[in-house]
Structures are given as C-alpha cells and as structure tokens.
Amino acid sequence: MKISIVGTGYVGLVTGACFAEIGHDVLCVDNDDAKIERLKTLDMPIYEEGLEELVTRHVDAGRLRFSISIEEGTHYAQVIFIAVGTPPGSQGQADMSYVERVGREVAQHMSDYRLLVEKSTVPVNTGKQLKRTIEKYSKADIPFDIASNPEFLREGRAIRDALNPDRIVIGVETERAGSILGELYEPIVRRSGCELLVMDIASAELTKHASNSFLAMKISFINAVSRVCELTGADIERVAHGMGLDKRIGPSFLKAGVGYGGSCFPKDVDAFVRIADEVGYDFAILKCVQAINKDQRKRLMQKLQEELWVVAEKTIAILGLAFKPGTDDIREAPSLYFAEKLLEAKAHLRLWDPVANAKFAACYPAPAYFTDPVECVRGADAAVLLTDWPQLKALDLAKVKAAMACPIVIDGRNLFDPADMAARGFTYHCVGR
Ligand SMILES: NC(=O)c1ccc[n+]([C@@H]2O[C@H](COP(=O)([O-])OP(=O)(O)OC[C@H]3O[C@@H](n4cnc5c(N)ncnc54)[C@H](O)[C@@H]3O)[C@@H](O)[C@H]2O)c1
C-alpha cells in the first residue's frame with residue numbers, strides 16, 4: 001500500500017521506516033528543507049538505535065522516499081498520516097496550528113478520496129475540527145475520511161515498539177477507513193500478535209492522553225513515596241520492588257528519580273489537564289502529578305546547593321543530557337533545568353552524554369563537552385547524574401573519585417548503592433534512600 005506521512009520528525013521518520021519494513025511504499029514529507037536534504041543523503045536528524053540501518057535499507061530498495069512537497073504527498077497516496085508536532089501553547093494547551101495547517105494544505109491539493117490519519121498526539125475531538133477544516137478548504141466535494149491512530153512508541157526503543165506494539169488503536173467513522181487501516185496494519189498484527197482495537201475517533205484520541213498521563217502519574221506517585229522514604233528512613237528501591245511484584249501494579253514506571261521529561265509526558269499531561277478544564281472537569285490528581293514532577297528536580301538541586309554552600313565559581317559535571325537513554329532527545333530534559341539554574345548561579349559546567357552533546361550544545365554552546373564521563377568529572381566539585389545510561393552504571397568509581405576535586409555525587413537516577421558509595425568515600429545523594 002502507498003502511504004504518505006506529513007511530518008518527518010521522531011514519530012514520522014520511525015513510522016515511515018517501519019511501514020516500509022512491513023512492505024508498504026512510503027513518502028515522508030516535511031517542510032524543513034534542511035532535514036529532508038539530510039535524509040536524502042541518509043544522514044539521520046535523530047539518534048535512535050537501528051534507525052539509520054532501517055532507513056538506508058528501504059531507501060536503497062526504493063520503498064522509502066523523502067519530499068518537502070505536501071502537494072506531492074497528497075497526490076502520492078490515498079492514506080496520509082499527520083505526524084507533525086503538537087507542542088505546548090502558552091497556557092499548557094496543545095498548539096494545533098501545525099496539524100491545522102496540514103489539514104488545510106491537504107484539502108487544497110486533494111483531487112480524489114483521501115484518508116487523513118492523526119498520528120500526532122491531539123486533544124479529544126481534534127478529528128471533528130480537522131473534518132471541518134477539510135470541508136472548508138477542499139476545492140470540490142471530494143470524499144474523505146478522518147481517522148485517529150495514536151502512537152505509543154517510546155524513544156530509545158522506537159523501532160521495536162513500532163513493529164511490536166502492545167496494541168494498535170484506531171478511531172474511525174466509516175467502514176472504509178477501518179478496512180484501509182486494518183489492511184495497512186495487518187502485517188504488524190500478524191507478526192506481533194498484538195490486538196488491533198477499532199473504536200470511535202474521540203475515544204482513540206483520548207486513549208493516548210489518558211495512557212501518557214497514567215504513566216506520568218505512576219512516576220510522580222513513586223517520587224512522592226520517595227519523599228516519605230527520605231523522611232522515615234525507608235528505602236524507595238525496596239519499596240518499589242515490593243510494590244512492583246504485585247501483578248496489579250507491575251514494576252514499570254515505578255523508578256524514583258529526578259522526574260519525567262521528554263517531548264511527550266510533560267506536554268501531554270499539561271494538555272490533558274487543560275482539556276479537562278475546558279470541558280468543566282478539574283483533573284486535580286493530574287495537577288498534583290505536575291507539581292510533584294517539578295518539585296523533584298528542585299529537590300535534587302537543593303541537595304546540590306546544600307552540599308556546595310556557594311555554587312558560584314564551582315565546577316559541576318552533568319552526566320547524562322538526554323531525557324532518557326537510547327536517544328539524543330533533550331526536549332524537556334532535566335539536564336536543561338540544571339544547566340540553566342547552575343549557569344545562572346555562575347557555576348562552570350562540564351557536560352557528558354554519549355549521543356546528545358551536539359543537540360545540547362545548540363542550546364548551551366559555552367560549557368565544555370566530553371565524550372568520556374571520567375574526563376568530564378575531572379576537577380569537578382560535584383557531579384550530577386541525570387540519565388540512566390548503561391555507561392554511567394558501569395563507571396569505574398575509583399577513577400571517578402580520583403578525578404574529582406570533591407567526590408560529591410548527586411544521583412537523579414539511583415544508579416548506585418548508598419552504602420557502597422559511602423564506603424568508597426563519596427558524599428552521595430540520591431532519591432528516597
Ligand atoms: N516523540 C515521541 O516519542 C512521540 C511518541 C508518541 C507520539 N508523539 C507525538 O507525535 C507528534 C510528533 O512528535 P515528534 O516527536 O515526531 O515531533 P518532531 O518535532 O520530532 O517532528 C515534527 C515534524 O513535523 C514537521 N512539520 C511541522 N509542520 C509541518 C508541515 N506543515 N508540513 C510538513 N512538516 C511539518 C517538523 O518540521 C518536524 O520535522 C507529536 O504530537 C507528539 O506528541 C511523539
């Protein structure tokens with residue numbers, strides 16, 4: 001089947017490559033000329049394990065192409081996925097201008113039946129707005145359908161998730177749309193054995209915001225428990241392990257730490273709170289989730305400040321810039337908060353990440369960047385660990401201690417055992433232990 005994807009960012013590119021992998025012919029469109037030029041030369045704009053190899057294979061096979069023309073994308077395929085950004089607006093609401101623009105442009109170029117599929121994470125009832133937009137801007141009375149197909153992939157394991165999802169959610173209004181998407185996803189359903197859920201568009205849209213908000217709630221819940229642990233002498237790692245073995249709870253997303261970041265959870269929780277407010281429901285539990293998350297990073301910063309007394313002129317190493325391992329995505333990463341606050345306080349920063357240095361340097365060019373974590377901590381008065389990269393877990397702690405001016409470690413990911421760190425001579429602060 002031929003498929004167009006408008007928006008070739010994290011989701012659009014991974015989705016396009018994975019659709020090609022299951023045998024479809026894919027045209028990925030983006031209005032960022034530089035990005036499309038890079039992709040045409042097989043230079044990946046993001047780091048995601050296995051992506052370069054997958055894209056290269058399918059470009060070489062002629063199954064995956066890139067274009068800056070939405071007109072070409074509209075003519076190329078009957079099915080057009082919308083995978084543009086839905087960033088937070090000034091009041092926490094999702095900025096729908098990118099999605100709306102794609103709707104308008106597709107409508108202007110449509111000459112035959114088209115199925116527009118929302119892949120971007122959108123507020124409930126976006127489908128209705130998109131339908132109105134297409135009706136308003138299409139030149140003639142051309143038949144079309146709208147569908148919702150929210151994306152649940154996780155950065156850092158995006159390809160595995162896209163090809164082996166826990167479920168595929170499809171929201172449609174017509175049998176025609178349902179059967180096109182059923183056919184499109186058949187190879188993934190066959191391979192992975194996952195369920196394909198067909199529902200109405202609003203329910204599909206809401207499933208995505210509700211899922212992300214629930215996961216964020218699990219993280220904030222365990223972070224709140226970690227605070228009680230700190231006040232009582234209990235150990236959050238033991239508590240989380242004890243909770244997670246209960247099958248009704250499950251172990252995932254029960255890791256206490258510096259709080260969630262990334263391009264999805266913060267904005268999706270904000271948007272969900274806002275949507276609920278707009279329809280007259282005060283989603284108080286999610287407001288607490290937001291507050292706990294903000295507080296978590298402040299609390300770690302406070303531990304650092306208390307250790308250093310005066311931050312100005314101190315050299316601080318930040319280990320881990322990506323919001324999570326396996327990606328170079330730094331959107332809403334805790335590292336941005338620490339860099340901003342520490343630079344404001346006139347600290348000298350030394351920064352390390354295995355893949356995100358370049359993206360971080362685009363925001364903060366002045367600090368020193370390192371490719372070796374031990375070099376990064378050389379001469380530092382303190383090190384702050386913010387991403388649970390395996391390279392940090394495997395650090396040679398004797399070398400780290402020898403390299404640092406003061407062996408103070410603030411660990412936002414609970415990578416080490418506090419007793420062991422103390423025995424090695426570190427002043428070690430982590431979360432909930
Ligand atoms: N990143 C994730 O892990 C993830 C997971 C699930 C869902 N989502 C959702 O998917 C959507 C996309 O997220 P992303 O992380 O891929 O964003 P992104 O910023 O990486 O990519 C968006 C792309 O859309 C392009 N674009 C914007 N307007 C355009 C237009 N008019 N025509 C053509 N291209 C246009 C941009 O240039 C950019 O390349 C968001 O709604 C996000 O919430 C993201």
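Numbering of ligands and ligand atoms starts at 1, following listing order. Heavy-atom basis, side chains included; hydrogens, waters and symmetry copies ignored.
At the shortest separation from atom 42 (C) of ligand 1 among protein heavy atoms lies K267 NZ, 3.8 Å. Nearest protein heavy-atom neighbour of atom 20 (O) of ligand 1: Y10 N, 3.1 Å. What sits closest to atom 34 (N) of ligand 1 on the protein, heavy atoms only, is N31 N, 3.2 Å.
With a 4.0 Å cut-off on non-hydrogen atoms, S263 touches ligand 1 through its side chain and not its backbone. The backbone and the side chain of D30 each have at least one atom closer than 4.0 Å to an atom of ligand 1 (non-hydrogen atoms only). In R154, neither the side chain nor the backbone holds a heavy atom less than 4.0 Å from any atom of ligand 1.
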>> salt bridge (Lys or Arg N to Asp or Glu O under 4.0 Å) for K287 and D277? Distances and angles first, verdict last.
In response: CA-CA 11 Å; K287 291 178 181 168; D277 273 342; 3.6 Å; yes
>> For R227 and D295: C-alpha separation, side-chain torsions, deciding distance, then whether salt bridge (Lys or Arg N to Asp or Glu O under 4.0 Å) applies.
In response: CA-CA 10 Å; R227 297 294 293 274; D295 206 40; 2.9 Å; yes
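The shortest N/O to N/O separation between K35 and ligand 1 falls below 3.5 Å. For K208, no nitrogen or oxygen atom sits less than 3.5 Å from a nitrogen or oxygen atom of ligand 1, counting backbone and side chain alike.
By the 4.5 Å heavy-atom criterion applied to side chains, Y98 and I82 are not counted as neighbours.
Because its NZ or CZ atom is not both nearer than 6.0 Å to the ring centre of Y10 and within 45° of the ring axis, R331 does not count as a cation-pi partner of that residue.
When each atom of ligand 1 is checked for a heavy atom of A83 under 4.0 Å away, the hits are 12 (C), 22 (C).
Within the 3.5 Å criterion, the main-chain N or O of S67 finds no donor-acceptor partner in the side chain of E72.
Distances from ligand 1 to the non-hydrogen atoms of L153 include at least one value under 4.0 Å.
Side-chain N/O atoms of R299 and Q296 include no donor and acceptor closer than 3.5 Å.
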